[in-house]
Every structure is written in C-alpha cells, then in structure tokens.
Amino acid sequence: MNQPLAGYAPAPVTARMENHGDHMLKVAMQTGNDLYARVGSMVAYEGFVQYEPSPSAVRQIAKDWVTGEGAPLMKCTGDGLLYLADYGANVVVVNLDGDGISVNATNLLAFDAHLSWGVERVKGLAKFAGQGLWNTRISGQGWVALTSRGTPIVVDCGGGEDETYVDPDALVAWSPNLRVKGKRSFKAQSLIGRGSGEAYQMAFSGQGVVVVQPSEDSTDRLRIRG
C-alpha cells in the first residue's frame with residue numbers, strides 16, 4: 001500500500017512556509033516563531049503544536065473589523081510541521097522582505113505572528129460604496145499565506161500611469177503602495193461582476209502587483225449601500 005501513496009508523502013522541509021500541492025500549506029513550526037492562522041484551517045500536524053483561538057492581540061485589532069471583513073484567527077505555537085487548508089482553495093505563499101501586502105481578509109490563511117499587521121480602510125472608495133472597503137495590511141520580514149479560488153494571476157502594474165482594473169469580488173491582494181480608486185461602469189453592468197445594479201471596478205496604478213482569483217467572492221465586497 002505504501003508504494004502507490006509514496007508520491008503524496010511530505011517533501012523535506014526547505015522553508016518556513018511552502019506548498020504541499022496546490023491546495024495545502026506546510027509550515028515548519030519552531031518555539032518562539034509563532035503563527036497566526038485562520039480558525040478551522042488546520043488539517044494535520046506532526047510534533048507538538050498548540051492552538052489559542054482569538055488571542056488578545058487579535059481581539060484588540062479585530063475591533064476595527066466593523067464591516068464584517070475580519071477573519072477569525074488562532075495563534076499556533078510549538079515545534080513540528082503544521083498543515084493548513086481552506087476548503088480546497090489554492091494556496092499562495094509570499095515571503096515579505098521588509099515590504100508589505102494588503103490582503104482581502106477572506107483570502108488570508110496564515111502569517112508569521114511577529115509581522116506588523118492591522119485593519120485599514122482602503123482610501124478613495126467610500127464615496128462609491130458607502131462605508132468603503134476594509135483590508136488587512138501586513139508588513140515586515142516574514143511569511144504570509146493567501147488563498148485563491150482557483151489559480152490566481154499576478155498582474156504587474158508596471159509603475160506607469162496606466163491603470164489596471166479589477167472586479168473587487170475577484171481581488172485577493174495588492175501592493176499597499178499602489179494608488180487605488182473606484183470606477184463606476186453603467187454600460188458594462190451586465191458583463192462585469194455578478195451583482196445587481198451598477199458595476200464597479202477598482203483601478204490600480206503605480207509600482208506594484210495585484211493578485212486576482214478566477215472566481216468572484218459571493219460576499220459582494222463593493223456595492224451600493226443606503
């Protein structure tokens with residue numbers, strides 16, 4: 001029996017975070033190098049790993065998630081290998097090197113606990129969608145794991161004045177230094193997005209990248225309110 005299953009065995013550890021296949025994250029846990037992960041994402045572990053749901057640091061920052069954008073997080077500590085997944089979604093691993101990333105909370109799977117993070121309102125969108133859009137910004141030196149409903153595309157905005165337009169319901173993450181603004185589209189409302197009413201896009205420009213998934217989140221993140 002072992003021989004037919006050999007191809008699915010875990011590979012040797014080469015990094016703090018890495019993919020095991022397209023849909024699972026493998027994290028090398030070490031004492032003192034804690035991890036925040038989405039509640040319910042643990043599918044297996046080896047060694048000694050403990051979990052603390054809704055730790056105090058998360059509860060404090062979660063007060064900013066006034067729009068329901070927040071993802072429940074748990075703190076993972078210990079030594080061993082930890083495997084995480086989110087209902088078969090693709091997993092994307094990012095190694096921050098002193099820079100940052102702005103993440104849709106529904107696409108946030110895990111990140112190093114020592115990274116700086118917080119919830120922030122995306123500037124320039126409130127007039128298009130009532131309360132606007134809230135995202136989780138993570139920065140520093142360390143690892144972040146994202147999920148995508150299908151294989152994502154990473155669009156390089158090129159650093160010029162040309163804008164990249166994204167359906168907000170398909171947006172996963174972007175470089176926080178990009179300029180962001182909203183755009184209404186009346187004529188394209190039957191072609192762009194799956195919500196009713198006016199169609200909206202988010203326009204990105206500047207130096208950085210945008211991560212887009214090939215599936216529109218059913219939460220309808222950017223819509224008319226009131």
Side-chain angles (χ1 to χ4, degrees), residues 17 19 21-25 38 41 67-71 84-96 99-111 117 119-126 128-129 132-139 143-185 187-224:
M17 286 188 186
N19 286 79
D22 294 330
H23 310 289
M24 192 176 298
L25 174 69
R38 175 181 290 274
S41 62
T67 62
E69 179 69 10
L84 305 175
D86 184 24
Y87 295 98
N90 288 62
V91 175
V92 181
V93 177
V94 180
N95 187 8
L96 298 179
D99 49 352
I101 190 169
S102 186
V103 185
N104 174 8
T106 60
N107 297 96
L108 182 59
L109 180 62
F111 59 96
W117 68 288
V119 179
E120 62 180 13
R121 185 192 299 270
V122 180
K123 297 179 180 179
L125 297 180
F128 287 90
L133 182 71
W134 295 75
N135 253 31
T136 304
R137 180 166 178 165
I138 305 173
S139 60
W143 294 84
V144 180
L146 314 176
T147 60
S148 171
R149 303 297 170 186
T151 303
I153 182 173
V154 179
V155 180
D156 188 344
C157 293
E161 293 302 318
D162 291 340
E163 295 177 330
T164 299
Y165 297 94
V166 179
D167 183 331
D169 293 333
L171 181 63
V172 173
W174 70 85
S175 303
N177 54 304
L178 288 174
R179 297 183 296 275
V180 186
K181 66 180 183 181
K183 177 186 177 182
R184 282 193 178 97
S185 175
K187 295 181 180 179
Q189 63 182 12
S190 61
L191 302 176
I192 302 175
R194 299 189 181 275
S196 59
E198 294 175 293
Y200 292 91
Q201 299 92 51
M202 292 174 64
F204 297 89
S205 59
Q207 189 73 42
V209 299
V210 181
V211 183
V212 183
Q213 64 186 4
S215 175
E216 290 160 315
D217 193 321
S218 61
T219 55
D220 194 14
R221 305 179 66 218
L222 191 59
R223 61 186 183 275
I224 299 175

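Here the structure is a predicted model, which is why all the values come from computation and not from measurement. Just the heavy atoms: all of them, side chains too, but no hydrogens, waters or symmetry mates, feed the values below.
Side-chain contact check for Asp22 versus Thr151: every heavy-atom pair is 4.5 Å or farther apart. Contact annotation: the side chain of Val154 never approaches that of Val210 to less than 4.5 Å [non-hydrogen atoms, C-beta and beyond]. You'll find the side chain of Gln201 stays beyond 4.5 Å of the side chain of Asp167, heavy atoms only. For the pair Ile138 and Leu108, the minimum side-chain heavy-atom distance is below 4.5 Å.
Summarising the geometry, atom OG belonging to Ser175 is positioned 7.0 Å from atom CD1 belonging to Ile101; distances are rounded to the nearest 0.5 Å. Note that CZ of Phe204 is 10.5 Å distant from CD of Glu163, once rounded to the nearest 0.5 Å. The CE atom of Met24 lies 9.5 Å from the CG atom of Leu84; values are rounded to the nearest 0.5 Å. The OG atom of Ser205 sits 7.5 Å away from the CG atom of Leu178 when rounded to the nearest 0.5 Å.
A donor-acceptor pair under 3.5 Å is absent between the side-chain atoms of Asp86 and the main chain of Leu109, judged by distance alone. Between the Asn107 side chain and the Thr147 main chain, a donor and an acceptor come within less than 3.5 Å of each other. For Arg38 (side chain) and Thr106 (main-chain N/O), a donor-acceptor pair under 3.5 Å exists by modelled atom type. Ser102 places no side-chain N or O within 3.5 Å of a backbone atom of Arg137 that could act as its donor or acceptor partner.
When all heavy atoms of Asp156 and Gly208 are compared, the pair lying nearest together is OD1-O, 3.4 Å. Ser139 approaches Leu96 most closely through the heavy-atom pair CA-CD1, 4.1 Å. Contact record, Ser148 with Pro214: OG-CD, 4.0 Å, taken as the closest heavy-atom pair. Heavy atoms only, all atoms of each residue included: His23 and Asn90 are closest at CE1-OD1, 3.4 Å.
Checking each of Val180, Val211, Val212 against Trp174 for a side chain to side chain contact (heavy atoms under 4.5 Å, CB included) leaves exactly one that passes, namely Val180. Test Leu146, Asn104, Ile153 against Val172 for side chain to side chain contact (heavy atoms under 4.5 Å, CB included) and you get one pass: Leu146.
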